[in-house]
**Student:** 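Input: one structure, supplied below.
No hydrogens, no waters, no symmetry mates; every other heavy atom, side chains included, goes into these values.
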Amino acid sequence: MIRSHVAALLAYTDRLDPSRAPTSPEAALERLDAWADILDDVPPRAPHPEGREWDASHAVRRHIATSPYPIKASDVSRPWHTFKADILGRHVGTFEPTAHPEIDPDADTGNAYTAALLAERQAIASGEQLPTTHRALLAGPPAEEVTKRLAALGTYMPPHVEDVLRDFRPGRAERSRLARAGLPDPLAVACPWEACRASKDQKCTTAGRPRSDFHGARLTAAATALARQEQPA
C-alpha cells in the first residue's frame, strides 16, 4: 500500500474505534510512518481464484470486532501473508507461451523466459493477477479434432492375456485346468512360512503370525484368481 492508502485505512480504523485514535498530530504522523513501513508490501485489495478476495479494511474490521487489544499494523500484514501463501500455493507455475508473445523461443539464453516467470509470480504475490490453477488447465471438453481421431480409430480389445501366454507357461495352464475341474492342486502347500509346521486347514504355528489364520491350498487362490479374470469387464 502507498502512503495515501495507509492513511485512508487508519482513518477507517479511527472511525470504527475512536477511543484509540491518536490525540496529537505528532502521534498520528508517527503511527502513519510505522504503518506505512510495515504495510509497504500489502495491497489494499487482491483477487482470489475462489472469489473470496483480500481487503485490508476487512482485516481491520475483523480485528476490532473480535479482539480486545489495540490494533497494530501486523494485525493486517499477518492475514495478508497467509492469503498470499494460499494463492501462491494454488499457482501451477507453468509457462504459457501465448501469454508472452514478446519472448523469442529461439533466443540464445532463457533469461527472458525466467524473467517472465518471475514477473508473473510477483504479480500474483502482489495481488495484481490471479493464479493459474490446475482446474483452469484441465477444464473444458476435448478438442473436436481429438474426438474425430478417436472415432476413426475405434475401440481395440486385446486378446485375453491368459490365452496368449498359455503356450509359454504350461505349468500355470495346467493348474488353471485343474482349478476349473475342481481337482487338487499339485503345488498346494500348508503355509508359505518355513517355520510353520501346520498342515492344510489348520491354524498357523509361526511365531509372530496371527494364530487365527487358517491355511488354504493354492487351489483356492488359483480358483479365486481365475474367477476374477473371467468376470466381464
**Student:** Is it possible for you to say whether Leu16 and Leu10 belong to one hydrophobic cluster, with membership spreading through side-chain heavy-atom contacts below 4.5 Å?
**Tutor:** yes
**Student:** May I ask whether Ile124 and Leu117 are part of the same hydrophobic cluster, defined by side-chain heavy atoms of I, L, V, M, F, W, Y residues being less than 4.5 angstrom apart, directly or through others?
**Tutor:** no
**Student:** Roughly how far apart are Arg61 CZ and Ile71 CD1, rounded to 0.5 Å?
**Tutor:** 11.5 Å
**Student:** Between the main-chain N or O of Ile64 and the side-chain N or O of Ser67, is there a donor-acceptor pair closer than 3.5 Å?
**Tutor:** no
**Student:** Within a 6.0 Å radius of atom CD on Glu30, are there more than 12 heavy atoms belonging to other residues, nucleotides or ligands?
**Tutor:** no
**Student:** Taking all non-hydrogen atoms of both residues into account, name the closest pair between His5 and Pro44 and its distance.
**Tutor:** ND1-CG, 3.9 Å
**Student:** Looking only at heavy atoms, what is the nearest atom pair of Arg20 and Pro70, with distance?
**Tutor:** NH1-CG, 3.1 Å
**Student:** Taking atom NE2 of His63 and atom CG of Asp75, what is their separation to the nearest 0.5 Å?
**Tutor:** 4.0 Å
**Student:** Give the cluster check for Trp54 versus Leu130: same hydrophobic cluster or not, with ILVMFWY residues linked at side-chain heavy-atom distances below 4.5 Å.
**Tutor:** no
**Student:** Is there a path of hydrophobic side-chain contacts, each under 4.5 Å between heavy atoms of I, L, V, M, F, W or Y residues, that connects Leu88 with Trp80?
**Tutor:** yes
**Student:** Who are the side-chain contact (heavy atoms from CB on, under 4.5 Å) partners of Pro22, not counting sequence neighbours?
**Tutor:** Asp14, Ala27, Ala28, Arg31
**Student:** Kindly write out the residues that satisfy ring pair (Phe, Tyr, Trp, His ring centres under 6.0 Å) with His81, not counting sequence neighbours, or none if the list is empty.
**Tutor:** none
**Student:** Strictly by side chain to side chain donor-acceptor pair (under 3.5 Å), give each pair with a member in residues 35-47 just once, sequence neighbours left out.
**Tutor:** Arg45-Asp55
**Student:** Mind listing the closest non-hydrogen atom pair of Arg3 and Ala36 along with its distance?
**Tutor:** NH1-CB, 4.2 Å
**Student:** Minimum heavy-atom separation for Ser77 to Ile38, with atom names?
**Tutor:** OG-CG2, 4.0 Å
**Student:** Checking His48 now: which residues fulfil side-chain contact (heavy atoms from CB on, under 4.5 Å) with it, not counting sequence neighbours?
**Tutor:** Glu50, Arg52, Phe83, Asp86, Ile87, Arg90
**Student:** Return the set of residues passing ring pair (Phe, Tyr, Trp, His ring centres under 6.0 Å) with Tyr113 (not counting sequence neighbours), or none when no residue passes.
**Tutor:** Phe95
**Student:** Asp104: what forms a side-chain contact (heavy atoms from CB on, under 4.5 Å) with it, not counting sequence neighbours?
**Tutor:** Asp106, Ala107
**Student:** Between Gly127 and Ala46, which heavy-atom pair has the shortest distance, and what is it?
**Tutor:** CA-CB, 3.6 Å
